[in-house]
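Structure first, commentary second.
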Amino acid sequence: MGPIGVKAHLEPFLPGDPRDGAGAVSAAPYGSASILPISYAYAMLMGGEGMTQATRVAILNANYIAARLEGAYPVLYRGAKGRVAHECIIDTRPFADSAGVTVEDIAKRLIDNGFHAPTMSWPVAGTLMIEPTESETKAELDRFCDAMLAIRDEIRDIEEGRIDTHNNPLKNAPHTMEDLVREWDRPYSREQGCFPPGAFRVDKYWPPVNRVDNAYGDRHLICTCPPMEDLVEAAE
């Protein structure tokens with residue numbers, strides 16, 4: 001994280017200087033010592049032409065995704081000519097009303113498709129902010145778009161009553177290897193659940209667990225240490 005500007009009332013909470021021991025968060029004064037060297041090295045290695053080309057490709061990639069997902073998902077914050085910048089923000093909020101599908105359902109389903117979800121619910125709650133870098137190949141962009149379009153088809157199946165509102169690939173995502181090998185009692189096939197478009201047949205990533213309550217640990221103080229009674233017994 002680079003320099004951050006804050007108002008005066010937040011100043012006491014800024015990182016401090018380790019030389020006086022007040023509020024230090026790293027061995028360097030006020031934060032990470034690697035921020036400027038990394039940026040400087042990247043700029044010098046790329047050069048002016050390289051930086052310009054990288055920017056062009058990143059913007060092109062984002063607009064390619066926006067174009068391929070056109071009509072399947074609403075895209076927020078287009079410019080006067082209908083283009084996006086280096087990021088494509090798709091709005092998934094309408095699906096909560098039409099199918100009971102949330103942005104979290106889509107994010108978890110993307111794991112089955114072989115992707116870590118893009119930035120979720122920022123800068124707009126209930127959206128996905130997709131930022132393809134200049135290093136992404138067209139094949140990878142297409143694989144991601146195929147996955148997103150397949151997810152939209154699954155949402156449509158819910159909307160049109162072809163599959164149960166609660167027992168479906170989106171609500172059950174992500175699917176683990178244990179799900180694949182144990183008795184299958186779901187109203188969709190193993191292949192649809194575990195090998196949707198975008199997922200690799202060879203070297204597929206298998207999540208170790210099914211969905212968990214992501215916010216539980218943020219809202220409840222949980223100690224994973226052994227209870228004091230165990231420590232007393234060990235000492236005796």
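Please read all numbers here as calculations on a predicted model, not as lab measurements.
Minimum heavy-atom separation, I106 to I155: CD1-CD1, 4.1 Å. Summarising the geometry of N210 relative to H175, their closest heavy-atom pair is ND2-CA, 4.2 Å, with the distance given to 0.1 Å. Here the shortest heavy-atom pairing between P132 and I65 reads CG-CD1, 3.8 Å. The shortest non-hydrogen separation linking C194 to A199 is O-CB, 4.4 Å. When all heavy atoms are compared, the tightest approach of E87 to A62 is N-CB, 3.9 Å. The minimum heavy-atom distance between R109 and P196, with the atom names listed, is NH2-CB, 3.7 Å.
Distance check, rounded to the nearest 0.5 Å: CG of L110 to CG of L128 gives 7.0 Å. For the atom pair CD (E140) and SG (C145), the distance works out to 10.5 Å, reported to the nearest 0.5 Å. In this structure, CG in D105 is found 8.0 Å from CD1 in I158, a value given to the nearest 0.5 Å. The distance from the CG atom of L149 to the OH atom of Y73 is 7.0 Å, given to the nearest 0.5 Å.
In this structure, N63 contributes its side chain and R83 its backbone to no donor-acceptor pair below 3.5 Å. T119 contributes no side-chain N or O that, together with a main-chain N or O of W122, makes up a donor-acceptor pair within less than 3.5 Å. Counting only distance, with no hydrogens or angles, the side chain of S98 and the backbone of E159 share no donor-acceptor pair below 3.5 Å.
By the 6.0 Å contact criterion, CH2 on W184 is enclosed, its count of non-hydrogen atoms from other residues, nucleotides or ligands being greater than 12. The local environment of CD in E11 is sparse, with at most 12 non-hydrogen atoms from other residues, nucleotides or ligands closer than 6.0 Å. By the 6.0 Å contact criterion, CZ on R19 is open, its count of non-hydrogen atoms from other residues, nucleotides or ligands being 12 or less.
Listed by first and then second residue, the side-chain hydrogen bond (donor to acceptor under 3.5 Å, both in side chains) pairs that reach into residues 194-209 are E191-R201, sequence neighbours excluded.
Using a 4.0 Å cut-off between a side-chain N of Lys or Arg and a carboxylate O of Asp or Glu, R156 and D153 qualify as a salt bridge. Under 4.0 Å is where a charged nitrogen must lie from a carboxylate oxygen, and between R186 and D179 at least one such pair does. The existence of a salt bridge linking E104 and K171 is excluded, since no basic side-chain nitrogen approaches an acidic carboxylate oxygen closer than 4.0 Å.
Within the 4.5 Å cutoff, side-chain heavy atoms of Y188 are placed close to those of N172. Under the 4.5 Å side-chain criterion, counting only non-hydrogen atoms from C-beta, L76 is in contact with T127. The shortest side-chain heavy-atom distance between R152 and F95 falls under the 4.5 Å cut-off. In this structure, the side chains of R93 and V124 come closer than 4.5 Å at one or more pairs of heavy atoms. Residues K108 and P174 meet the side-chain proximity criterion, which asks for heavy atoms closer than 4.5 Å. Residues I130 and I89 form no side-chain contact, since every pair of their non-hydrogen atoms from C-beta on lies 4.5 Å or further apart. A 4.5 Å side-chain heavy-atom check between L170 and I151 finds at least one atom pair inside the cut-off. Between I90 and L69 the shortest side-chain heavy-atom distance falls below 4.5 Å.
D157 and N168 are not linked by any side-chain donor-acceptor pair at a separation below 3.5 angstrom, with hydrogens and angles left out of the test. Side-chain contact check for Y64 and D142: at least one donor-acceptor pair (N or O, by modelled atom type) lies under 3.5 Å.
For the side chain to side chain donor-acceptor pair (under 3.5 Å) test, residues two or more places apart in sequence or in another chain that qualify with E70 are R78.
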Could you go through V75 and V84, starting from their C-alpha distance and side-chain angles, then the distance that decides it, and tell me whether this counts as side-chain contact (heavy atoms from CB on, under 4.5 Å)?
CA-CA 9 Å; V75 178; V84 298; 3.9 Å; yes
Stepwise side-chain contact (heavy atoms from CB on, under 4.5 Å) test for F115 and R143
CA-CA 10 Å; F115 294 97; R143 191 169 74 88; 3.4 Å; yes
Please list, one pair per line, the donor and acceptor atoms closer than 3.5 Å that link side chains of residues 42-61 to other protein atoms, with sequence neighbours excluded.
| residue | atom | partner | partner atom | Å |
| --- | --- | --- | --- | --- |
| T52 | OG1 | G48 | O | 2.9 |
| T55 | OG1 | M51 | O | 2.9 |
| N61 | ND2 | T133 | O | 2.9 |

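The cluster map of Ile, Leu, Val, Met, Phe, Trp and Tyr, joined by side-chain heavy atoms under 4.5 Å apart, puts F195 and M148 in different clusters.
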